[in-house]
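Residue numbering restarts at 1 for every chain, and letters A, B, ... go by the order of the sequence lines.
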Amino acid sequence: MTDTDQCTTLSRRDWVRAGCLSALGLGLLDHFDLPTADANAASFSKRINPKAKACILIWLDGGPTHLETFDPKPNAPDEVRGPMGTTSTSLSGVRINECFQNTSKLMNKLAIIRSMTSPLGEHNFGTHYLMTGYKPSPALNYPAYGATLAHVRKQVGVLPPNIAIPKFTRNISGSGYLARSTGPFSLGGDPARGNFKVQNLDFHEGLNLDRIGRRRNFSDAIDQFSRKLDASRWSPNNPNLERAYNLIASPQAKKAFDLSDEPQKIRQRYGFGNTIGQSCLLARRLVQSGVPFVTVNSTGWDTHQDLSQLKSRFPNDKNALLPALDRGFSALITDLSENGMLDETLVVVMGEFGRTPKINVAGGRDHWPNVFSVLLTGGGIQGGQIVGRSDALGEYPQDNPVTPADLATTIYSLLGVDPATQLPTGDGRTVRVASEEAKILSDLVS
Amino acid sequence: MRRVIIPFAFYFFVLIINTPTALSIDKPSAILFRNKNTTTIADRPITFKNDVMPVFTKSGCNAGSCHGAAVGRGGFQLSLYGSNPDADYKAIVHQLGGRRINLSQPKKSLLFAKPTEFVEHGGGTRFAARDESAHLLLNWIEQGAKFGSDHHFVKLVISPKNHQFNASGESVKLKATAYFSNQTSKDVTKWTSFTPEDVSAIDVDDQTAKVTAHRRGRHIVVARFLSAVVPVELLVPMNDQRFPVQQQRLTNFIDTEILKRLETLNLPVSPLIDDAAYLRRLTLDLTGRLPSHSSLDRHLADTHPGKRKRVVKDLLSSDEFTEYWTLVLAKLLRIHVPNKEKAGALAYHRWLFEQVRKGTSFDKLVRTILLAEGDTTINGPANFYLTTNGPRQQGELFSEVLMGSRLRCANCHDHPLDRWTQDDYHGLAAIFSKIEIGQIIKTKTDGEVVHPRTSEPARQRIPGVRDLPIDSITGRADLADWLTDKTNPYFAKAIVNRLWRKLLGRGLVEPPDDFRSTNPATHPELLNRLAQDFINHGYDIRHTIELIVTSTTYARTAHANQYNKHDDRFYSHAIRRPLEAEVLADAISSVTGVWEPYGQQPVGTRAVALADSKTPSMTLDVLGRCGRDISCESLVDSVDSLGQTLHFFNGSILNKRIHLVDNRLGKMLKKGNTPIKIIEDFYVIALSRKPTNNEREYWMLQLKDLTSTNEQRQLLEDFLWGLVNSQEFKTNH
């Protein structure tokens, strides 16, 4: 470490500039070859050569069962093993849930962490921890991945840098202490519906761009006059006015949202009528258009009752959550791979916690944060491996416990965001992007 | 971190021979343990309850992530933070064939060998063999592993309990003293854990309990010893400069308490608002409406010195107040239509409206709800029992709404940061299990809930107070008596805190359903006084609202200055509050002069008056209304989202109203008003103020080159759009 002083003064603007270079293809990473702010950051630059330009988070809202997804226990007693079988994968000796027929063939590209552990078994708390890398605190509301990325990266084009399909989880706000405008833009509708469209991008009858622009200016003007006397940090201008205007004004933006632009064959690959699938396809389009963070939010994973519903809700059900996820996720990975985008797109599949190893009286599983699984692929992940193990009954980590904070440190590093970067909280202090006590999971990195 | 490094060679040696059955560590340990500096504890009897349990808590053994988990860890279960000493004693002394303690060879006890890692321990080394913790455990086993003594722990006192620093970077040493039933006390600082709420603001030295503040503001450190949790409040002034408050006007005790706090924190106050701004704020708060043009003119023309008090009285007795505060209370009580059966919810809403109109005292209102029986389609308050899906959820609703406490944490384990136990949680649910749920609500004898610890029916219980007789069918009445008793510590505070929050933008306790000793009020004395005053005035919400809105504190501007701009909780300036969905919808309708039909309701019905929280309305959906099937207080705030802005630009809510030919704008034009006059009038209608000279100039400039009436109308439409999208319009400030 040399020239520390110079680097501790690395300002937000410098970071933005670094992000900007990245947009030009130079990569934020080059920046880390310069002397960096502290020892952690220095080790970060040596250990990681970030490749991911974007991240797609497939969020399984409610807390997906680890036993019926990526960490089955086929040899455990009935009450733990559960109602479903397993399938072998392209990785010898590794089995995953029987519904993951397509995913199992991609296992050589995937990494599964089976030793995730957290003490927080409540939806809001768990979501906060998994999506921000920090345990919730009464003193500070932390930003989720997408918001941090929206903050440190310079926005390329007019598409919002942080998008949620169909909408963001209701458990947390997403932007935390960062500006509200870093929060996820929820598209609203279900992309699996035939008439899906992002609402209100086309002019209302009688309007045109000039008038929309004038309206924006007038609104700004009124607020600027009325807030002249106020010294608070609260910005007088509603940043959404500008962002919404830019979206409306851009034909390219509208095109990025337009799924009908995809060939039927591709749409079919992701599964017609499959909400996760079509959301994944839209996520791919958005990433292709330069959006750095897309959350595909799948609901219904809070399975307190009848686990078999995850597999099939009625005869010939193709779009129950597990097969739908299998189809959508495997299509996404295949598609990204064929388009040459997988190396620079990090894909993460997770939820806020796992579920009780022992099946409850209602045939479901309750909340269980002590051990659960997270799947990662693309964007610098070394595929074809299992990181950590849970114990025989899927109750606790058997070895190599990984905290959500460790995961955050790793995800940020893969995305080229130095975990030691200081973010402004708005009340005059700065906070690290990821917790100082967390470690980078170097096994995961290719 | 308290880790003592064991000499490496020795550690290695132990690793080779460490099996539970062949622990031959007597010799080296003898050297380690007879360290004169630390071995003074054996001089007195060591008991499990008073001495050993604190070691577990301090070392994290009984935390939720370790043996304190609901199913224990590694086959060894302790109660969360030591809430159940009897069970913990059993687990240690009697389980696992007695291997956890070994009376003849104490050092072979797993209880000693595991945390010191003489035997491999999943939780790592909790303390070294020569630590006082280890000594204490050994001494206890040597003395025969006794459970308790004739005296028990009574309370924990931390000194100082409050501390004011002069600047950040300063430190203070905390001292924890435990008091026992035999009138003795003991310094337990070493066995007390101190956890700051904000780890980036406060450092705690684990060894010495020295706390250092790194940030300005008010910080809480939670001290935990045995079953006691005690908050310590630390203050660092927000500015170095002092701002005396003697010159400030005091209207009532609210101002006294608020200014006291501001002075200690070196926070200057913002100035008071003018009459027009006061009337806007007040009218929105009391009626959910903007002040009308005429009421504003009247108020401004009034020269009486007591005119603000008068307008408060007028508004409090208005029908608009009844209408709006019915909505406020309906949100609190989560009145909604379950299962599409509307009749009940409508009856409930109608009944509530009537109570607000009559000014029924709040204790009586709540008693009526709790004791309600009969046909829910007729007897409105009986629908309280249809609000949730079962006795446990009903207990949670009861505790959150009426006690301001989250008993739900005590479902699976005793509440780690509060007094609530599983017995309280399931005991409260047991009371509600004695109610037959359906269209007809009535008391029944056979209901029960199963206590997860015993797998037996839970005993009905007034939370935190007493068990009720087995098979009692008067549980609800007992509960209502207890809750609405003048000495009840929760009820009045929970209500006045919500009134305060509604009117000032932030609760004295936040979130408002999370009262506990470890989440103290920002202004504890103010909360006490407000609650006492509420009780003294017959639980009359109008009285407390009047007290608050006539205070000087309520009448400060929202404009911050450079010294108080970081204040978000001490009320040195008003907090800007976004208008809630229903109020904003009505305000938009009212300003544009175009009302939206809601469901089957007659056109002109206000959104705030809708009894059914799910009346189909895209407007209310876009504006982010609360459906009330879950708490409206925990709703993640969705206003001002990009999607909403897109809708305002291109969706129908605004555009339809603004473009309609004979909307308010159209009528103004038809009357032959000049464009600048129209703009001025809209300022008054929407913002309750005239444009300033600068603003007027700006608009004159915009209007300058317009020739056709069509161009003029379009510009005015765009002005109107800008107006209702301004933050000044969309917030109460």
Side-chain angles (χ1 to χ4, degrees), chain A residues 117-119 121 124 137-140 160 170-174 180-181 183 185-188 198-207 211-212 214-223 225-227 229-234 236-238 240-241 243-245 247-248 370 395-396 427-429 431, chain B residues 63-65 69 71 73-74 122 197-201 215-217 219-220 519 557-562 564-566 568 573 576 634-637 640-652 655 659 687 691-692 694-695 698 702 714-715 717-719 721-723 725-729:
Chain A
T117 184
S118 145
N124 298 44
S137 145
L140 198 62
R170 292 189 64 180
N171 289 335
I172 61 169
S173 78
R180 286 281 283 274
S181 55
F185 171 42
S186 288
L187 295 190
V198 176
Q199 297 298 306
N200 302 312
L201 290 180
D202 299 326
F203 294 119
H204 190 268
E205 193 190 336
L207 292 180
R211 289 195 66 188
I212 298 261
R214 189 163 74 177
R215 289 177 172 198
R216 175 199 58 184
N217 293 344
F218 284 177
S219 187
D220 269 352
I222 292 168
D223 274 332
F225 280 120
S226 74
R227 292 300 293 275
L229 293 172
D230 196 337
S232 81
R233 64 178 187 263
W234 194 89
N237 299 319
N238 175 356
N240 285 326
L241 284 177
R243 300 170 71 212
Y245 171 84
L247 268 182
I248 293 166
N370 298 304
E395 287 185 306
Y396 294 98
D427 63 354
R429 67 169 128 174
V431 171
Chain B
S65 52
V71 295
R73 193 81 193 254
E197 233 179 33
D198 184 350
V199 288
S200 71
R215 304 196 57 231
R216 295 180 186 276
H219 310 293
I220 302 295
N519 181 28
T557 77
H559 289 319
N561 58 44
Q562 59 163 316
N564 68 13
K565 64 180 180 182
H566 289 316
D568 62 357
H573 57 81
R576 284 170 206 275
S634 60
L635 200 67
V636 172
D637 183 9
D640 269 358
S641 65
L642 182 55
Q644 196 189 78
T645 310
L646 280 170
H647 188 102
F648 282 157
F649 270 126
N650 281 331
S652 59
N655 287 320
H659 297 170
L687 308 178
T692 61
N694 284 341
E695 283 170 319
Y698 173 85
Q702 305 300 320
Q714 286 196 355
L715 184 122
E717 283 178 355
D718 295 350
F719 153 75
W721 189 95
L723 188 68
N725 272 286
S726 69
Q727 296 301 309
E728 188 177 358
F729 175 72

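Contact between B/Leu642 and A/Ala244 at its shortest, heavy atoms only, is CD1-N, 3.5 Å. Closest of all the heavy-atom pairs between A/Ser219 and B/Trp721 is CB-CZ3, 4.3 Å. Shortest non-hydrogen contact noted between A/Ile222 and B/Ser726 is CG2-CB, 3.7 Å.
The candidate from A/Asp202, A/Leu140, A/Leu247 with the greatest count of non-hydrogen atom pairs under 4.5 Å with chain B is A/Asp202. Residue with the most contacts toward chain A among B/Arg215, B/Glu717, B/Gln562: B/Arg215 (heavy-atom pairs, distance under 4.5 Å). For the set B/Phe648, B/Phe649, B/Tyr698, the entry with the most heavy-atom pairs within less than 4.5 Å of chain A is B/Phe649.
Within the 4.5 angstrom heavy-atom criterion, atoms from both the backbone and the side chain of B/Leu715 approach chain A. Contacts between B/Asn561 and chain A at a heavy-atom distance below 4.5 Å involve the backbone alone (N, CA, C, O). Looking at B/His659, only its side chain comes within 4.5 Å of chain A, counting heavy atoms on both sides. Only the side chain of A/Phe185 comes within contact range of chain B, judged by heavy atoms closer than 4.5 Å.
With rounding to the nearest 0.5 angstrom, the CD atom of B/Glu728 is 7.0 Å from the CG atom of A/Asp223. From B/Leu646, atom CG reaches atom OH of A/Tyr245 across 13.5 Å, with rounding to the nearest 0.5 Å. Atoms CD and CZ, on B/Gln714 and A/Arg214 in that order, are 6.5 Å from each other to the nearest 0.5 Å. Rounding to the nearest 0.5 angstrom, the gap separating the CZ atom in A/Arg216 from the CG atom in B/Asp718 is 12.5 Å. Here the CD-OG distance, from B/Gln727 to A/Ser226, works out to 9.0 Å after rounding to the nearest 0.5 Å. Taking CG of A/Asn200 as the start and CD of B/Gln644 as the end, the distance is 11.0 Å to the nearest 0.5 Å.
At least one side-chain heavy atom of A/Ile212 sits less than 4.5 Å from a side-chain heavy atom of B/Asn650. Within the 4.5 Å cutoff, the side chain of B/Asn725 has no heavy atoms near those of the A/Phe218 side chain.
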